[in-house]
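Down below is the structure, laid out as structure tokens.
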Amino acid sequence: MVTIDLSGKTALVTGAGQGIGKVICQMLNGAGANVVVNYLNDSEGVNCKLAEDLVAELGDTAMAIAADVRDSEQVAIMLDKTIERFGALDIVINNAAILSHRTISKMSDEAWSLVIDTNLTGVFNVCKQASTRVAEGGHIVNLSSISGSLGLWGTSNYAAAKAGVEGLTRVVGNELARRRITVNAVASGVTSAGAAAAIPEEAKNEMLKSITLGRVGQAKEIAAVVLFLCSDLASYITCQVIHVDGGWIK
């Protein structure tokens with residue numbers, strides 16, 4: 001029987017207190033990895049509570065760290081704290097992202113910048129700081145989206161950021177190959193843990209016609225591919241964008 005064993009490895013997951021990030025943390029930890037749950041502090045403390053609840057669930061092999069991925073200095077401190085606690089950093093998952101959908105004629109400069117700064121510059125900041133800190137033979141996985149390929153209505157900021165993440169993934173993978181660090185992206189379709197809940201029923205039914213499997217995805221289905229890419233089973237895969245979208249992109 002083939003199993004994935006990440007015992008002794010340490011993984012950092014950004015934006016990890018809820019949704020797909022939370023499930024990725026649970027799956028990596030279930031495979032034996034130490035997990036660092038990153039979150040962005042908010043005025044009401046909601047993100048902190050979600051992260052701490054997840055750490056309480058996972059136990060002593062997990063810790064929560066607040067850091068804004070838009071701030072390279074905060075990212076560097078977070079990675080150093082991770083290494084100080086667990087001795088090394090082997091896996092980095094860039095999951096932190098936000099949505100702010102509007103048609104381009106109605107999109108504010110602020111909405112454009114906020115999404116680009118978080119979803120693209122944030123990934124750059126983490127990859128940059130991780131490039132000198134991830135252990136040889138480690139793994140970086142960036143969460144992308146089919147929006148980067150399909151150009152879905154009202155997503156110019158989000159689609160541009162995710163397309164940028166995919167290009168960044170290929171470049172960083174090339175640059176870190178000399179240290180046997182693999183760098184890949186997972187481009188997910190619509191999932192029940194994401195934007196699907198806010199889509200009107202009529203629009204959702206129309207969308208499902210384009211998905212070969214005829215349904216939205218589950219967070220665990222995205223997380224499972226991330227887990228695979230963080231394992232020795234994927235040691236010969238790098239600079240790739242893996243679509244996990246039920247056959248939406250053909």
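Remember, it's a predicted structure, so these values are computed and weren't measured experimentally.
Using a 4.5 Å heavy-atom cutoff, the side chains of Asn125 and Asp71 are not in contact. Side-chain contact between Ile140 and Ser131 is absent, with no heavy atoms from C-beta onward closer than 4.5 Å. With contacts defined as side-chain heavy-atom distances shorter than 4.5 Å, the pair Ile91/Leu12 does not qualify. The closest side-chain heavy-atom distance from Trp112 to Ser156 is below 4.5 Å.
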*Could you go through the side-chain hydrogen bond (donor to acceptor under 3.5 Å, both in side chains) check for Thr14 and Asn95 one step at a time?*
CA-CA 5 Å; Thr14 66; Asn95 171 75; 5.5 Å; no

_Intermediate values then yes/no, side-chain hydrogen bond (donor to acceptor under 3.5 Å, both in side chains), Ser72 and Gln129_ = CA-CA 8 Å; Ser72 188; Gln129 298 299 337; 2.8 Å; yes

*Does the pair Thr61 and Asn29 meet the rule for a side-chain hydrogen bond (donor to acceptor under 3.5 Å, both in side chains), with working shown?*
CA-CA 8 Å; Thr61 56; Asn29 189 253; 2.9 Å; yes

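Qualifying side chain to side chain contact (heavy atoms under 4.5 Å, CB included) partners for Ala97, counting only residues two or more places apart in sequence or in other chains: Asn119, Lys162.
Here the side chain of Asn157 pairs no donor or acceptor atom with the backbone of Val115 at under 3.5 angstrom. Remark: side-chain polar atoms of Asp245 are paired, donor with acceptor, to backbone N or O of Trp248 under 3.5 angstrom. The backbone N or O of Ala67 sits less than 3.5 Å from a side-chain atom of Asn38, completing a donor-acceptor pair.
Within the structure, the side chain to side chain donor-acceptor pair (under 3.5 Å) test picks out the following pairs touching residues 1-11 (sequence neighbours left out): Asp5-Ser7, Thr10-Asn34.
The closest side-chain donor-acceptor pair between His139 and Thr182 falls under 3.5 angstrom.
The hydrophobic cluster containing Val46, built from Ile/Leu/Val/Met/Phe/Trp/Tyr side-chain heavy atoms closer than 4.5 Å, also comprises Leu50.
Arg180 and Glu136 are joined by a salt bridge, as a carboxylate oxygen and a charged side-chain nitrogen come within less than 4.0 angstrom of each other. A salt bridge does not link Glu84 to Lys81: none of the charged side-chain nitrogens sits closer than 4.0 Å to a carboxylate oxygen.
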